[in-house]
J.: 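Take this structure, written in structure tokens, and hold onto it; I'll ask about it next.
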Amino acid sequence: MKQSKEIVKDFNIAKFQEDLIGWFTAEQRDLPWRQDKDPYKVWVSEIMLQQTRVDTVIPYFNNFISKFPTIEHLADADEEDVLKAWEGLGYYSRARNLQHAVREVRDEYGGIVPETKDEVSKLRGVGPYTTGAILSIAYGVPEPAVDGNVMRVLSRILFVWEDIAKPKTRKLFDELVYAIISHENPSFFNQGLMELGALICTPKSPACLLCPVQEHCRAFEEGTQKELPVKTSKKSVKAVELAATVLTDESGKVLIHKRSSKGLLANLWEFPNIEIQKDLSKEEELTSFLTEKYGVEAEIGQPFTTISHVFSHLTWHITVYEGKIRGKVEESETLKLLTWEEAEQYAFPVSHQKMKKAFKERQQD
């Protein structure tokens, strides 16, 4: 592996900074978290933008900040309200970690986001990229903010053929950004790299003829921009078959269950569901599961929709049944029988929001 000093040798750093920052100053998108340099808002936006498109994040960010405008508001909020505001964004551990971390900031730093790498990086859910983004954008600290987007851009510009899926390559790109970052305007430098990757230097069809730093791009000069970055393929995704049921009683109330406080989709609410084994029918498995798990006697009807939901490591294939509750339900903190209006106050994962939508549409037919 080449060293960072060798890679940036003969690279016109000053002119690259000038061209990149000048372009970003003129062409940056009008995004709500760019209205000021409030470190809390920068932090929230960067957490939301992990694994999520900008267009998707904008309405969530605006809604979230309207509900929790300051660190104190978020720190004092009920987790149920935070998850509801996050509902639909996915990767819900981000919201829980964010709330935990802002409570740390409230209790240990007087409600002010710290300004040092050591302190920021210790906050829960704040990795190297988010640390660099907060410090550079909010505080003007020349700290790298390197994610896959930035590695793609710089692998082309600096002609780096190392596999970006490997941790040691991430370290190399950190060193490269340290070597070329603007100390006068690290905020616009880092945001410029991010914006370049989002708008121009895209994964499959980079718009090289529109690129403001084309003259600096070694991959463009060699005609290899579409071959970079080098990235090994991900492991195969496991497929899991589930059966779920939307259970209602005679009055039309619906049964929902709260997931465990640990693991996938922790603390979110869901309709009863089970991973299917092969020795029983789905209806039989659901009926037995409801009795054993919740003490609920139910009559399972016909399936009314099928849903596939993809996570980073697995895919759910869910067959969804309608069902009728027979007898009483012993409610608890994690098992509730609610009107549909009441159920709207609870946060559901996307797959179960789809079940809810399909069931209501079926009722209207």
Side-chain angles (χ1 to χ4, degrees), residues 79-80 83-84 87-88 90-93 236-365:
E79 185 185 270
E80 200 76 54
L83 291 176
K84 183 64 180 175
E87 184 182 45
Y91 302 94
Y92 292 90
S93 60
S236 59
V237 175
K238 178 184 177 184
V240 177
E241 187 174 2
L242 302 172
T245 178
V246 179
L247 282 177
T248 54
D249 66 5
E250 291 181 353
S251 67
K253 287 186 174 182
V254 63
L255 189 72
I256 64 172
H257 168 257
K258 190 174 188 179
R259 292 178 66 88
S260 166
S261 60
K262 299 185 184 302
L264 188 65
L265 304 175
N267 285 340
L268 294 179
W269 291 82
E270 64 181 0
F271 300 109
N273 64 91
I274 185 173
E275 185 174 341
I276 294 300
Q277 307 302 319
K278 300 301 181 184
D279 53 343
L280 291 174
S281 72
K282 294 174 183 177
E283 294 90 338
E284 289 176 316
E285 288 214 41
L286 273 173
T287 302
S288 298
F289 168 74
L290 291 166
T291 303
E292 295 170 10
K293 179 80 173 179
Y294 307 126
V296 172
E297 299 292 334
E299 180 181 319
I300 303 300
Q302 295 298 311
F304 62 89
T305 191
T306 57
I307 292 167
S308 291
H309 190 76
V310 180
F311 298 92
S312 58
H313 61 297
L314 61 85
T315 299
W316 280 350
H317 298 293
I318 314 169
T319 304
V320 190
Y321 294 79
E322 59 180 346
K324 291 293 182 183
I325 297 170
R326 304 300 181 202
K328 292 186 176 182
V329 173
E330 291 292 331
E331 295 185 66
S332 66
E333 288 297 313
T334 58
L335 188 69
K336 295 187 181 293
L337 194 59
L338 305 170
T339 65
W340 283 105
E341 185 177 357
E342 290 169 336
E344 288 297 329
Q345 306 304 310
Y346 293 78
F348 289 78
V350 169
S351 54
H352 289 255
Q353 291 177 52
K354 291 178 179 177
M355 294 179 205
K356 180 166 53 174
K357 183 173 184 287
F359 183 80
K360 289 186 174 182
E361 288 174 351
R362 177 179 173 81
Q363 298 302 105
Q364 292 169 0
D365 290 341

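Values below: every heavy atom of this structure, side chains too, minus hydrogens, waters and symmetry copies. Not measured: the values here are computed from a predicted model.
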J.: Check side-chain contact (heavy atoms from CB on, under 4.5 Å) between K238 and all other residues, then give those that pass, not counting sequence neighbours.
T.: V240, L314
J.: Evaluate the side-chain proximity of I325 to V296: yes if any heavy-atom separation is below 4.5 Å, no if none is.
T.: yes
J.: Could you report the tightest heavy-atom contact between F348 and A343, atom names first, then the distance?
T.: CE1-O, 3.5 Å
J.: Looking at side-chain heavy atoms only, is the closest gap between I318 and T306 below 4.5 Å?
T.: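 Answer no - side chains too far apart.
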J.: With salt bridge (charged side-chain N to carboxylate O under 4.0 Å, His left out) as the criterion, how do K357 and E344 come out once you've worked through the C-alpha distance, each side chain's angles and the decisive distance to 0.1 Å?
T.: CA-CA 12 Å; K357 183 173 184 287; E344 288 297 329; over 6 Å; no
J.: Quick one, T305 and F359 - any side-chain contact, counting heavy atoms below 4.5 Å?
T.: no
J.: Tell me, with the steps shown, if I307 and L242 meet side chain to side chain contact (heavy atoms under 4.5 Å, CB included).
T.: CA-CA 10 Å; I307 292 167; L242 302 172; over 6 Å; no
J.: Hey, are E342 and K253 close enough for a salt bridge, meaning a charged N less than 4.0 Å from a carboxylate O?
T.: no
J.: Can you name the residues that form a side-chain hydrogen bond (donor to acceptor under 3.5 Å, both in side chains) with Q353, not counting sequence neighbours?
T.: none
J.: Supply the atom-to-atom distance E283 CD to S288 OG, rounded to the nearest 0.5 angstrom.
T.: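 So the gap between those two atoms works out to 11.5 Å.
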J.: Please lay out, stage by stage, how E270 and K356 fare under the test salt bridge (charged side-chain N to carboxylate O under 4.0 Å, His left out).
T.: CA-CA 10 Å; E270 64 181 0; K356 180 166 53 174; over 6 Å; no
J.: Looking at side-chain heavy atoms only, is the closest gap between K354 and S351 below 4.5 Å?
T.: no
J.: Can you list everything that forms a side-chain hydrogen bond (donor to acceptor under 3.5 Å, both in side chains) with K84? Sequence neighbours excluded, please.
T.: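 Checked K84 against side-chain hydrogen bond (donor to acceptor under 3.5 Å, both in side chains); matches are E87.
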J.: What heavy-atom pair brings V350 and Y92 nearest, and what distance separates the two atoms?
T.: N-OH, 4.0 Å
J.: For E284 and S281, indicate whether the former's side chain and the latter's backbone hold a donor-acceptor pair under 3.5 Å.
T.: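 At least one qualifying donor-acceptor pair exists.
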J.: Residues two or more places apart in sequence or in another chain: which of them pass side-chain contact (heavy atoms from CB on, under 4.5 Å) with S332?
T.: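 For S332 the side-chain contact (heavy atoms from CB on, under 4.5 Å) partners, ignoring immediate neighbours, are T334, L335.
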J.: Strictly by salt bridge (charged side-chain N to carboxylate O under 4.0 Å, His left out), give each pair with a member in residues 327-338 just once, sequence neighbours left out.
T.: none
J.: Tell me, which pairs form a ring pair (Phe, Tyr, Trp, His ring centres under 6.0 Å) where one or both residues lie in residues 312-335, sequence neighbours left out?
T.: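 Qualifying pairs, neighbours excluded: F311-W316.
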J.: Using every non-hydrogen atom in the two residues, find where L83 and A266 come nearest and quote the distance to one decimal.
T.: CD1-O, 4.4 Å
J.: Name all residues meeting the side-chain hydrogen bond (donor to acceptor under 3.5 Å, both in side chains) criterion together with S251; count only those two or more places apart in sequence or in a different chain, and write none if there are none.
T.: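 By the side-chain hydrogen bond (donor to acceptor under 3.5 Å, both in side chains) rule, S251 matches D249.
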J.: With distance as the sole test, does N273 use its side chain to make a donor-acceptor pair with the main-chain N or O of F271 at under 3.5 Å?
T.: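 Present.
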J.: Considering residues at least two apart in sequence or located in another chain, which fulfil the side-chain hydrogen bond (donor to acceptor under 3.5 Å, both in side chains) criterion with T319?
T.: K282
J.: I'd like to check K324 versus L247 (side-chain heavy atoms, cut-off strictly below 4.5 Å). Are they in contact?
T.: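 K324 does not reach L247 side chain to side chain.
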J.: State which residues pass salt bridge (Lys or Arg N to Asp or Glu O under 4.0 Å) with K293; sequence neighbours excluded, sorted by chain then number.
T.: none
J.: My understanding is that only residues two or more places apart in sequence, or in another chain, count here; which of them pass side-chain contact (heavy atoms from CB on, under 4.5 Å) with E80?
T.: D78, K258, W269, Y346
J.: Looking only at atom types and distance, does a side-chain atom of R259 sit under 3.5 Å from a main-chain N or O of L264, one as donor and one as acceptor?
T.: yes
J.: State, with a plain yes or no, whether a side-chain heavy atom of P272 is found less than 4.5 Å away from one of L286.
T.: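 Heavy-atom side-chain distance check fails, nothing below 4.5 Å.
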J.: Side-chain contact test, heavy atoms from C-beta onward, threshold under 4.5 Å: evaluate it for L290 versus I300 and give yes or no.
T.: yes
J.: Please list all pairs passing the salt bridge (charged side-chain N to carboxylate O under 4.0 Å, His left out) test where one or both residues lie in residues 299-312, with sequence neighbours left out.
T.: E299-R326
J.: How would you list, by chain and number, every residue that makes a side-chain contact (heavy atoms from CB on, under 4.5 Å) with S260, sequence neighbours excluded?
T.: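 Here the qualifying residues are K262.
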